[in-house]
Visitor: 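Below: one structure in structure tokens.
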Amino acid sequence: MLSDSLCKLYLTYSTNYVYQIRKLEELSKDNSQFSRSLAILEMDQSLCGHDLASFLAMPTSYITYLPKYLQVLTENIPPQAVSMEVKAAEAAKKVCRWCDEAAQTVYRTEQLVRTEHQLAFTKVKPTALVSQSRRLIRSAPIKLMDTSNPSALYRKDAHLLVFNDLVMLAKPKGIISTLTARGSDKTLRVIDWCERRQVDVFTDESDLFDFNEQEKTLKSGRAMMKQLRHVRREAALDTQLAFKLMWDTEGELKEYLLESFNITDRERWMTALHNESSVQGRAVEGIYEDAEITHYEVVHDHIAQVTDELTLTLGSTVVVRRKTHDGWCFGEDLLTGRVGWFQVVHCKHV
């Protein structure tokens with residue numbers, strides 16, 4: 001059985017792991033002498049090709065692998081000797097979850113701090129982002145479609161941020177890059193934001209464009225009707241990628257027509273905007289009740305690159321609840337209980 005002192009040791013390390021990785025990234029980026037010295041050290045044959053980041057991750061990897069090893073051990077011993085091993089496996093799973101929750105708490109706070117520094121509230125009422133109860137669910141570029149001119153659709157670069165309690169729409173300033181787990185050098189100017197409970201999401205084609213209102217603004221005549229048909233055709237081409245957000249800001253009803261970059265991107269936005277599982281960062285029973293639920297085993301480690309992705313650990317089992325045509329899956333890690341998107345190439349069907 002894992003002792004309390006060992007549990008505290010792993011909890012402390014998991015809590016501080018985020019700070020270690022951040023410091024390593026800062027030194028590697030800003031200190032050329034450190035980078036050169038580290039590169040020389042990492043070339044030593046005794047390290048077997050592992051870099052410093054890998055060594056920093058090893059303690060957390062070991063505690064993650066431990067429940068799997070104990071499970072295999074339990075399956076290969078006589079039934080009369082199983083009880084103690086089962087208790088050990090359950091204790092290991094509990095410690096693994098504690099470590100994951102401790103690391104995620106620190107990570108989420110760091111993420112909110114970084115995001116707050118990247119946001120500029122120049123024309124809208126500012127709000128503080130850092131809160132113990134707040135989580136960033138997804139943050140990524142998107143297209144904002146301007147339909148004020150009924151004769152054409154005008155697309156602008158934008159950035160949508162979905163939190164568990166807020167939704168923000170911003171415009172990029174400077175270098176364009178996605179907010180990732182490793183940070184970003186982009187500054188975002190907030191266009192508008194609203195409490196999440198006041199946001200409605202529309203995806204049906206009939207809700208995306210109000211063609212009756214467009215017809216009222218067009219002058220009569222064959223040329224104008226031809227122009228309207230062109231708008232309809234153009235809109236129809238994008239309905240698989242588009243969705244509309246409507247929210248109430250201080251008594252003013254606002255609509256934003258947005259276009260994702262591909263079908264999978266739109267699916268991930270719908271997951272972030274609709275599912276309570278992604279809001280809480282944990283799986284909820286019956287997220288996709290009509291979906292075919294399958295089990296996959298992770299064949300190699302993969303670190304999440306953006307906020308709505310799932311970090312995968314070699315040997316862990318993932319329940320897949322939704323798949324897309326291009327190999328992305330939405331699922332739950334049975335060991336940590338976390339949910340998110342990942343590519344199926346990292347797993348094999350069991």
Side-chain angles (χ1 to χ4, degrees), residues 136-163 166-172 176-179 186 188-218 224-249 252-275 278-279 288 290-291 306-309 322-330 341:
L136 178 61
I137 307 303
R138 187 160 201 242
S139 174
I142 199 166
K143 292 293 183 180
L144 175 61
M145 303 171 71
D146 184 356
T147 57
S148 58
N149 181 0
S151 64
L153 291 174
Y154 181 60
R155 293 167 174 80
K156 301 177 182 178
D157 290 329
H159 202 100
L160 186 61
L161 300 95
V162 179
F163 301 85
L166 297 175
V167 176
M168 287 187 176
L169 187 61
K171 287 185 178 180
I176 297 178
S177 59
T178 305
L179 288 173
K186 179 168 68 171
L188 301 169
R189 181 170 60 83
V190 178
I191 302 172
D192 201 3
W193 64 271
C194 183
E195 291 184 12
R196 183 167 172 151
R197 59 186 176 84
Q198 295 179 317
V199 177
D200 293 319
V201 183
F202 300 92
T203 56
D204 291 339
E205 182 177 353
S206 58
D207 295 324
L208 295 179
F209 298 92
D210 188 348
F211 291 118
N212 291 330
E213 288 300 319
Q214 288 183 351
E215 289 182 31
K216 292 176 185 178
T217 62
L218 291 173
M224 289 295 99
M225 293 307 297
K226 182 179 179 181
Q227 213 170 37
L228 176 59
R229 286 195 295 271
H230 172 73
V231 173
R232 285 178 170 174
R233 285 197 302 271
E234 185 176 1
L237 291 175
D238 300 318
T239 51
Q240 289 186 322
L241 305 180
F243 59 95
K244 184 168 70 175
L245 299 183
M246 182 182 295
W247 65 57
D248 188 337
T249 305
E252 181 182 359
L253 191 63
K254 298 182 180 180
E255 294 182 8
Y256 296 103
L257 185 61
L258 303 168
E259 184 182 58
S260 49
F261 292 99
N262 52 57
I263 294 177
T264 298
D265 186 43
R266 182 179 182 271
E267 188 76 10
R268 290 170 70 164
W269 281 121
M270 293 302 99
T271 301
L273 287 163
H274 283 305
N275 292 321
S278 61
V279 172
Y288 303 114
D290 298 329
V306 291
T307 51
D308 65 337
E309 290 184 10
R322 177 172 291 185
K323 300 177 187 176
T324 64
H325 70 287
D326 55 353
W328 282 92
C329 300
F330 181 80
W341 289 90

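None of these values were measured; they are calculated from a predicted model.
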Visitor: Does the side chain of V162 come within less than 4.5 Å of W269's, by heavy atoms?
Guide: yes
Visitor: Under 4.5 Å between any side-chain heavy atoms of M246 and V199, yes or no?
Guide: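 Side chain of M246 against side chain of V199, heavy atoms only: no contact under 4.5 Å found.
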Visitor: After noting the C-alpha distance and the side-chain angles of D157 and K143, does the key distance pass the salt bridge (charged side-chain N to carboxylate O under 4.0 Å, His left out) rule?
Guide: CA-CA 5 Å; D157 290 329; K143 292 293 183 180; 2.4 Å; yes
Visitor: For the pair T324 and I263, evaluate side chain to side chain contact (heavy atoms under 4.5 Å, CB included) and give the outcome as yes or no after the intermediate values.
Guide: CA-CA 8 Å; T324 64; I263 294 177; over 6 Å; no
Visitor: Short question: side chain of T307, backbone of I137 - any donor-acceptor pair under 3.5 Å?
Guide: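 At least one qualifying donor-acceptor pair exists.
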Visitor: Between the side chain of R266 and the main-chain N/O of A242, is any donor-acceptor distance below 3.5 Å?
Guide: yes
Visitor: Could you report the tightest heavy-atom contact between R138 and A272, atom names first, then the distance?
Guide: CB-CB, 4.0 Å
Visitor: Roughly how far, to the nearest 0.5 Å, is the SG atom of C194 from the CG atom of L166?
Guide: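 That separation rounds to 8.5 Å.
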Visitor: Nearest 0.5 Å please: distance from the CH2 atom of W247 over to the CG atom of D192.
Guide: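 If I round to the nearest 0.5 Å, the distance is 5.0 Å.
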Visitor: To check you understand the geometry: which heavy-atom pair defines the closest contact between R196 and H274, and what is its length?
Guide: NH2-N, 4.0 Å
Visitor: Quick one: NZ on K171 to CG on L144, what's the gap to the nearest 0.5 Å?
Guide: 7.0 Å
Visitor: Could you measure the distance from the NZ atom of K156 to the CD1 atom of I142? Nearest 0.5 Å is fine.
Guide: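 That separation rounds to 15.0 Å.
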Visitor: When rounded to the nearest 0.5 angstrom, what is the spacing between OH in Y256 and CZ in F202?
Guide: 14.5 Å
Visitor: Quick one: does W341's side chain get under 4.5 Å of T271's, heavy atoms only?
Guide: yes
Visitor: Report yes if some heavy atom in the side chain of W328 is under 4.5 Å from a heavy atom in the side chain of R268; otherwise report no.
Guide: yes
Visitor: Is any side-chain heavy atom of H325 closer than 4.5 Å to a side-chain heavy atom of T264?
Guide: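 Yes. Closest side-chain heavy atoms under 4.5 Å.
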Visitor: Should F243 and L273 count as side-chain neighbours, where that means a heavy-atom distance under 4.5 Å?
Guide: yes
Visitor: Taking the side chain as every heavy atom from C-beta outward, state whether L258 and L245 have any atom pair closer than 4.5 Å.
Guide: yes
Visitor: Less than 4.5 Å apart, side chain to side chain, heavy atoms only: is that true for M168 and H159?
Guide: no
Visitor: How long is the span from the CG atom in D265 to the CG atom in L241, to the nearest 0.5 Å?
Guide: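 These two atoms lie 8.5 Å from each other.
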